[in-house]
Student: 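First the structure, then my questions, so here it is.
Only this structure's heavy atoms are used, side chains among them; waters, hydrogens and symmetry mates stay out. Chain identifiers are assigned alphabetically (A, B, ...) following the order of the sequence lines, protein sequences preceding nucleic acid strands; residue numbering begins at 1 within each chain.
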Number of protein chains: 2
Amino acid sequence: MVNQIKHDREEVIKKAANLFWEKGFHATSMRNLQDHIDMRPGSIYAAFGSKEGLFKEALQCYTNTNIALMQQCEAQASSPLNALKLFIKSIIKRPQENGAPSEVCMLVKTVSELTDENADLLALSKQLLNMMEQGIETVLKRAQAQGEISASSDTRRLAQFLQIQVIGLRAYMRANDDNDCIDQLIDDAFSCIQ
Amino acid sequence: MVNQIKHDREEVIKKAANLFWEKGFHATSMRNLQDHIDMRPGSIYAAFGSKEGLFKEALQCYTNTNIALMQQCEAQASSPLNALKLFIKSIIKRPQENGAPSEVCMLVKTVSELTDENADLLALSKQLLNMMEQGIETVLKRAQAQGEISASSDTRRLAQFLQIQVIGLRAYMRANDDNDCIDQLIDDAFSCIQ
DNA sequence: TAACTCCGTGAACAATCGTTCAAGAAGAAA
DNA sequence: TTTCTTCTTGAACGATTGTTCACGGAGTTA
């Protein structure tokens with residue numbers, strides 16, 4: 001085998017994504033990343049081109065993980081709507097329970113933090129968030145086809161509604177330390193979906 | 001009159017708050033601030049002590065403005081619940097319409113961006129967000145006393161619900177460029193309040 | 001006018017930022 | 001062993017970070 005790649009690319013990106021997710025784009029320095037993913041600047045720049053390049057891959061990785069989780073929920077749950085509930089509940093669980101580095105969605109954090117000074121990163125985050133919403137809508141349509149939700153419901157609007165609930169709940173959890181009521185708040189949100 | 005203070009403190013803090021609100025704490029450099037508030041480093045540090053010190057005042061200023069807006073809405077509207085609707089609608093309106101530097105609430109942005117590395121700023125933001133929620137609850141109680149909402153409703157939970165809606169809606173607007181549907185989404189959220 | 005007080009100035013500080021690149025290490029091919 | 005290829009290393013770059021402080025200017029008091 002020719003010179004083997006020392007670092008597993010996927011593994012490295014995953015570690016980087018976790019650090020970016022925790023600290024945000026600007027507060028994460030290349031020195032921080034070097035320590036966290038155990039690579040030297042030369043290797044990082046050879047592999048990813050720039051801090052922005054690595055961040056793009058991190059955003060993609062984060063989204064792919066979420067999509068995979070969604071598919072996993074669909075395989076497990078007894079119906080599309082239950083899959084959606086399972087997905088959202090497992091995403092919203094406190095970080096200390098599922099190892100996530102922040103309560104807030106990484107894409108939302110990024111969209112909130114960045115400005116036009118990083119236009120392409122901002123655009124990518126918006127695009128990925130939109131992709132997640134469309135994924136939700138796809139499952140909602142499946143639920144509609146199976147009669148779980150009314151045929152007259154606007155699945156696009158329902159997907160928007162759920163997206164807003166999840167964004168709001170996660171940011172709210174970040175802002176409040178004691179959140180025993182979260183489970184009920186999630187149920188409240190879902191009771192609106194018919 | 002002894003040497004008059006050249007810069008109006010309130011005005012300076014308001015300008016600084018707008019820049020911090022737009023760019024976030026980390027992405028706003030002292031050089032950016034110097035240009036934006038037209039003060040030199042010496043004067044800034046004499047008046048505020050540090051970047052963190054100025055940011056604290058900016059957070060307070062932002063919150064005070066929101067509280068003032070809430071009171072103004074109560075004076076204008078025909079009932080407590082209508083005042084709340086008016087307040088939330090005027091907050092959620094797109095930044096290009098009301099001059100706000102970002103769609104996202106400054107306190108939420110801060111809570112989302114910062115980590116324990118700026119523990120006191122994080123704590124202050126959480127505290128101010130909580131204060132806003134309590135303000136909402138106060139108005140809800142007034143609405144309850146006037147029979148606008150059911151006497152059996154849990155105003156604490158309703159305030160939480162509204163807080164989550166506003167947080168979610170604003171972040172959602174930041175992430176989506178075309179948002180003609182926002183007014184309807186706001187009405188949807190309020191239709192749950194009984 | 002001279003001395004004093006106060007605020008504002010901006011050059012300069014050490015530290016850190018994102019990034020580059022010449023050099024080294026290690027296995028493959030000859 | 002020698003050459004070649006490929007990946008890694010870490011010192012070093014100029015730029016920018018948050019912050020400091022000796023200085024100048026302007027109004028007040030004597």
Student: Do you know which of B:R9, B:K15, B:K51 makes salt bridge (charged side-chain N to carboxylate O under 4.0 Å, His left out) with B:E57?
Tutor: B:R9
Student: Do A:S29 and A:N32 meet the criterion of a side-chain donor-acceptor pair at a distance under 3.5 Å?
Tutor: yes
Student: Using whole Å, report how far CG of A:D35 lies from P of D:dT9.
Tutor: 13 Å
Student: Do other residues, nucleotides or ligands put more than 12 heavy atoms under 6.0 Å from the NZ atom of B:K14?
Tutor: no
Student: For a quick test of your reading: what N or O donor-acceptor pairs under 3.5 Å do the side chains of residues 127-135 of chain B make, sequence neighbours left out?
Tutor:
residue: B:E133; atom: OE1; partner: A:Y172; partner atom: OH; Å: 2.9
residue: B:E133; atom: OE2; partner: A:Y172; partner atom: OH; Å: 3.0

Student: Could you tell me the separation between the CZ atom of B:F48 and the P atom of C:dG8, rounded to a whole number of Å?
Tutor: 11 Å
Student: Taking 4.0 angstrom as the limit, do A:D183 and A:K93 come out as a salt bridge?
Tutor: yes
Student: In whole angstroms, how far is the P atom of D:dT8 from the CZ atom of A:R9?
Tutor: 11 Å
Student: Whole Å only: how far is the CZ atom of B:R40 from the C1' atom of C:dA12?
Tutor: 17 Å
Student: Where along nucleotides 15-21 of chain D does protein come under 4.0 Å, by heavy atom, of base (B) or sugar-phosphate alone (S), with - for untouched nucleotides?
Tutor: --BBBBB
Student: Determine all donor-acceptor pairs shorter than 3.5 Å in which one atom belongs to a side chain in residues 99-112 of chain B; sequence neighbours excluded.
Tutor:
residue: B:S102; atom: OG; partner: B:V104; partner atom: N; Å: 3.1
residue: B:E103; atom: OE1; partner: B:R174; partner atom: NH1; Å: 3.4
residue: B:E103; atom: OE2; partner: B:R94; partner atom: NH2; Å: 3.4
residue: B:K109; atom: NZ; partner: A:S112; partner atom: O; Å: 3.2
residue: B:K109; atom: NZ; partner: B:W21; partner atom: O; Å: 2.9
residue: B:K109; atom: NZ; partner: B:E22; partner atom: O; Å: 2.9
residue: B:T110; atom: OG1; partner: B:M106; partner atom: O; Å: 2.8

